[in-house]
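Below: the structure, in structure tokens.
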Amino acid sequence: MHTRRIGEVGVSAIGLGGMPMSIEGRPDESRSLATLHAALDAGVTLIDTADAYHRDAGEVGHNESLIAKALSTHERGGDVLVATKGGHLRPGDGSWTLDGRPEYLKRACEASLRRLGVEAIGLYQFHRPDPRVPYAESVGALRDLLDEGKIRMAGISNADPGQIREAQEILGGRLVSVQNQFSPAFRSSEPELELCDELGVAFLPWSPFGGISKAGELGSTYAPFARVAQAHGVSAHQVCLAWMLAKSPVVVPIPGASRPESVQDSVRAADLELSAEEIAELDAA
């Protein structure tokens, strides 16, 4: 597995997003654990989660607990950087709400620490800006958590260029990652990706295939991805991830998965080399 960097930590060039294993339509625990173990077997060393990745109101942190169980039962579990997030909530009715208050984020971090069973979280990310709370106050909570040693690295998610620069300033140059939506269907995060490249900050595309409900339609919706995939004898999903990797060395995609086969397919994208002509064709798709 090729590697890239988040801060000073080397991670697999392809990570794994844990959300599909804990929200609506999730598989049973045994399949989820098999999926996580398949990722570790394939060399994945970055797993992204959040305390809000759960289905029912009484199971906050379901995905964090699931990942902790998978890591504790695999010989390579200690090699993984777990990236979790705080600031989003799910009341249990399928909706998503926000709480960016510093006091809430600090409580959420403490709860995540307990569920993950660690003394310090590898990468803690502010999940989404809360319009009711000044952004500087929310990011200030991450600064405090860094200073207190409760998190080793800090990142932000769903941020615009101005927020990225503000976070970098508040954190005293210690911002290591930005996690934004980016896919063939959602390219409006290109400015954030370019800024991360400029700053040397990791860019983690979420929903790289267009979301859980549309991932299977990637090749049929975007013909160039299907054409390039056919030429290489691989899936359109591998082409999509290879295309993202080619954009900048700071890009580390985190495709979600709920089946071992999906993980195994995704990680092969790290070895797929696309020509300049193919990349141009995909850029224009």
Between the NE2 atom in His127 and the OG1 atom in Thr84, the distance rounded to the nearest 0.5 Å is 9.0 Å

In Å and rounded to the nearest 0.5 Å, what is the NE2 to CE distance from His62 to Met21?
10.5 Å

Distance-only side-chain donor-acceptor flag, His37 / Thr73, under 3.5 Å:
yes

Could you check whether Asp48 pairs with Lys85 (Lys NZ or Arg NE/NH1/NH2 to Asp/Glu carboxylate O, under 4.0 Å)?
yes

CD1 on Ile14 to CG on Leu46, rounded to 0.5 Å
10.0 Å

So, do Val234 and Val239 sit near enough that their side-chain heavy atoms are less than 4.5 Å apart?
yes

Taking atom types as modelled, find out whether His2 and Asp271 have a side-chain donor-acceptor pair closer than 3.5 angstrom.
yes

Can you list the steps and then say if Thr49 with Arg115 is a side chain to side chain contact (heavy atoms under 4.5 Å, CB included)?
CA-CA 12 Å; Thr49 183; Arg115 284 187 292 265; over 6 Å; no

Heavy-atom nearest pair, Cys196 first then Ile164, reads SG-CD1, 4.5 Å

Are Leu81 and Val44 connected in a single hydrophobic cluster, I mean Ile/Leu/Val/Met/Phe/Trp/Tyr linked by side-chain heavy atoms less than 4.5 Å apart?
no

Are Asp51 and Ser112 linked by a side-chain donor-acceptor pair shorter than 3.5 Å?
no

Over all heavy atoms of both residues, which pair between Asn180 and Ser157 is shortest? Give the atoms and the distance, please.
OD1-C, 3.9 Å

Flag yes if Val80 and Val176 sit in one hydrophobic cluster, no otherwise; membership is Ile, Leu, Val, Met, Phe, Trp, Tyr, and two members link when side-chain heavy atoms are under 4.5 Å apart.
no

What distance separates Glu119 CD from Lys150 NZ, expressed to the nearest 0.5 Å?
12.5 Å

Derivation of the side chain to side chain contact (heavy atoms under 4.5 Å, CB included) call for Arg107 and Glu103
CA-CA 6 Å; Arg107 290 199 307 270; Glu103 59 269 28; 4.0 Å; yes

Verify same cluster id: Leu245, Leu193 (apolar side-chain graph, 4.5 Å):
yes

Going only through I, L, V, M, F, W and Y residues with side-chain contacts under 4.5 Å, is there a path from Ile23 to Leu98?
no

For residues Phe182 and Trp243, establish whether the separation of their ring centroids is below 6.0 Å.
yes

Contacts of Glu137 that satisfy side chain to side chain donor-acceptor pair (under 3.5 Å) - sequence neighbours left out:
none

Taking side chain as C-beta onward, heavy atoms only, is Gln125 less than 4.5 Å from Leu204?
yes

The reported gap from CG in Asp160 to OG in Ser188 (rounded to nearest 0.5 angstrom) is 11.0 Å

Just how far is it from atom OG of Ser235 to atom CG of Leu241, taken to the nearest 0.5 Å?
8.0 Å

Would you say the side chain of Lys69 lies within less than 4.5 Å of the side chain of Ser65, judging by non-hydrogen atoms?
no

Non-hydrogen side-chain atoms of Leu36 and His74 separated by less than 4.5 Å:
no

I would like to know whether Ser258 and Arg26 meet side chain to side chain contact (heavy atoms under 4.5 Å, CB included); could you show each step before the answer?
CA-CA 7 Å; Ser258 61; Arg26 68 192 185 196; over 6 Å; no

Are the side chain of Ser12 and the backbone N or O of Met1 linked by a donor-acceptor pair below 3.5 Å?
no

When every non-hydrogen atom of Leu16 is compared with those of Ala257, the smallest separation belongs to CD1-CB, 3.7 Å

For Asp283, does its backbone N or O pair with a side-chain atom of Arg187 as donor and acceptor, under 3.5 Å?
yes

Side chain to side chain, Val139 and Glu166, heavy atoms closer than 4.5 Å:
no

Any salt bridge linking Glu278 with Arg227? Criterion: basic side-chain nitrogen under 4.0 Å from a carboxylate oxygen.
no

Using the rule side chain to side chain contact (heavy atoms under 4.5 Å, CB included), only one of Pro253, Pro255, Pro184, Ser183 pairs with Phe209; which is it?
Pro255

Under 3.5 Å, side chain of Arg128 to main-chain N/O of Asn158, donor-acceptor pair present?
no

Check the pair Asp197 / Phe203 against side chain to side chain contact (heavy atoms under 4.5 Å, CB included), numbers first and verdict last.
CA-CA 8 Å; Asp197 181 77; Phe203 183 84; over 6 Å; no

Exam field: side chain Ser220 to backbone Glu217, donor-acceptor pair closer than 3.5 Å:
yes

Parallel, tilted or perpendicular for Tyr135 and Phe126, by the 30°/60° rule?
tilted

Are the side chain of Arg90 and the backbone N or O of Gly94 linked by a donor-acceptor pair below 3.5 Å?
yes

Same apolar cluster: Leu116 and Leu123, side chain cutoff 4.5 Å:
no

Please check: side-chain N/O of Asn63 versus main-chain N/O of His54, any donor-acceptor pairing under 3.5 Å?
no

Is there a side-chain contact between Arg143 and Arg174, using heavy atoms and a 4.5 Å cut-off?
yes

Keeping Glu59 on the side-chain end and Asp56 on the backbone end, is there a donor-acceptor pair under 3.5 Å?
yes

Using a strict 4.0 Å threshold on nitrogen-to-oxygen distance, state whether Glu198 and Arg165 make a salt bridge.
yes

